[in-house]
There are 2 protein chains.
Amino acid sequence: MPKDRAPTRIQKKNRAAILEAALNVFSAHGFRGSTVDQIASEAGLSKPNLLYYFPSKEAIHTALLSGLLETWLAPLNDLDEEGDPLQEILSYIHRKLQMSRELPRESRLFANELVQGAPRIHNALSNDLKVLVDEKSAVLSKWMDQGKIARVHTHHLIFSIWALTQHYADFDVQVRAILGEEDPFEGAEQFIDTLYRKLLTP
Amino acid sequence: MPKDRAPTRIQKKNRAAILEAALNVFSAHGFRGSTVDQIASEAGLSKPNLLYYFPSKEAIHTALLSGLLETWLAPLNDLDEEGDPLQEILSYIHRKLQMSRELPRESRLFANELVQGAPRIHNALSNDLKVLVDEKSAVLSKWMDQGKIARVHTHHLIFSIWALTQHYADFDVQVRAILGEEDPFEGAEQFIDTLYRKLLTP
DNA sequence: TCTTGATTTGACCATCTGGTCAAACTCACG
DNA sequence: CGTGAGTTTGACCAGATGGTCAAATCAAGA
């Protein structure tokens, strides 16, 4: 294992290559379905070499998840109490949908983890995530009190945004099997936008 | 392997026990994450005994998926062109949500498969499923032409129903981590019902 | 250039896992 | 109750897989 000093040029490069490869592999096959050899070869390293940078398969997975959690939650974090309610929500949705389009691997990484009961991130869910959701939920609630948007169950409103946007990344194969050549995201953006405008207009 | 005659009492019992056990295991850990031993012991059989009833792990998985596909698509199949448009759609949604509540294992079984690119059911998606969706999509379209419901992209409308309802089964851990004690399905039903009423009312 | 720490690797190991097989056991029915 | 088909199992195998290790190679500062 590399010493605990400032990372060398090579360390930086290889760690990054490993995480990138791991994202590919884990998001496509899940934790159990991925092998260290697969990740190593995708990263252009030998297996022992990879294990020189991360102590175990589990460690790579953990590093990936925790490294990406912040990115993943950033859009919700940015929901601004001071902004225009409907606009804030619509642009949150827009960003989430864009993430499904541009970061589908990240979405599927979390999806894989969640569907299987989130054995490795249960903690983050009931702490960080819950806190964030409750906080933003309160903001939504305030907007509803002020009559700025229609009154609905705030938690379910947030769930619905996650469900609708992440669906296009997580179940991409299914969506494409049905839509054929059509670009899923064109129609999705339009559809979802309409949906929330109608739902939330007081 | 059991002969190809009429199944004996024991064959019926054991085959059923195996599929039930496999549903538990596969839905919780995915295909690759599940072991034949796990399924066997959950079914109360030894591994060789299990493999006497099904030729391979893959065969169990396939049998499960194809056996459940019909159940899974039944609600959409039941969408009745002759019924009242909004009511038909709302009751489709209601049934889907009920399935998430009562058959979460089935939902997660498919979710696991889909997130990982549906390697084993790609075929069913682009054939049976596509045909069904296109057919029902046409019904929705007709209703829109008649001004019975608001005009939206029909495929995305169907996707949204899948996403919103299955989310509660597939990402159950996350939902519960955030809601705490509250029963997810109470609020969900109410929320989703409101959402589609507002969206589809012309 | 030399030295020392960082990096890489081939060989190896223990365990897990899907699957096989022959022998043993059980059941239903004549 | 005897018998043949149906059922069950312990022992076993081959390949995959996560991980280790000592030795070899490389890189950068003195």
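In what follows, chains carry the letters A, B, and so on, assigned in the order in which the sequence lines appear, proteins first and then strands, with residues in each chain numbered from 1. Remember, predicted model here, so these are calculated numbers, not experimental data.
Between B/Phe159 and B/His156, the ring planes lie perpendicular to each other; the angle is over 60°, past the 30° to 60° tilted range.
Taking the six-membered ring for Trp and the full ring otherwise, the centers of B/His29 and A/Phe31 sit at least 6.0 Å from each other. Taking the centre of each ring, A/Phe191 and B/His153 stay at or above the 6.0 Å mark.
In this structure, CD1 of A/Ile18 is placed 14 Å from P of D/dG18, rounded to the nearest angstrom. Following rounding to the nearest Å, A/Phe54 (CZ) and C/dT8 (P) show an atom-to-atom distance of 14 Å. Nucleotide D/dT7 holds its C1' atom 10 Å from the CG atom of B/Leu45, rounded to whole Å. Rounded to a whole Å, the CZ atom of A/Phe26 is 12 Å from the C1' atom of D/dG18. In this structure, B/Ile39 atom CD1 and C/dG19 atom P are separated by 10 Å, rounded to whole Å.
Neither OP1 nor OP2 of D/dG18 sits under 4.0 Å from any side-chain N or O of A/Arg32. Contact annotation: A/Gln11 side-chain N/O to C/dT7 OP1/OP2 distance is under 4.0 Å. Using a 4.0 Å cut-off, no side-chain N or O of A/Ser46 falls inside it from OP1 or OP2 of C/dT8. Residue A/Arg15 has no polar side-chain atom (N or O) positioned under 4.0 Å from OP1 or OP2 of C/dT7. Within the structure, a side-chain polar atom (N or O) of A/Asn14 is placed less than 4.0 Å from OP1 or OP2 of C/dT8. For the OP1/OP2 pair of C/dT9 and a distance below 4.0 Å, the side-chain nitrogens and oxygens of A/Tyr52 include no atom meeting the criterion. Dashed line: the shortest gap from a side-chain N or O of A/Asn49 to OP1 or OP2 of C/dT7 is not under 4.0 Å.
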Tabulate protein N/O versus nucleotide N/O from nucleotides 20-29 of chain D, keeping only pairs under 3.5 Å, one per line.
| unit_1 | atom_1 | unit_2 | atom_2 | d |
| --- | --- | --- | --- | --- |
| D/dA28 | OP1 | A/Arg9 | NH2 | 3.0 |

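Comparing A/Thr35 and B/Thr8 along DNA chain D, the residue whose closest nucleotide (by nearest heavy atom) sits nearer the 5' end is B/Thr8. Of the residues near DNA chain C, A/Leu50 and B/Lys57, the one whose nearest nucleotide (by heavy atom distance) lies more toward the 5' end is A/Leu50.
Every residue was checked against the side chain to side chain donor-acceptor pair (under 3.5 Å) condition with B/Ser27, not counting sequence neighbours, and none meets it.
Contacts classified as salt bridge (Lys or Arg N to Asp or Glu O under 4.0 Å) and involving residues 108-119 of chain A (residues at least two apart or in different chains) are given here: A/Glu113-A/Arg120.
Taking CD1 of A/Ile18 as the reference point, atom CG of A/Leu23 lies at 13.5 Å (rounded to 0.5 Å).
Look at B/Glu186 and B/Arg101 and you find a salt bridge, because one of the NZ, NE, NH1 or NH2 atoms lies within 4.0 Å of a carboxylate O, short of that distance.
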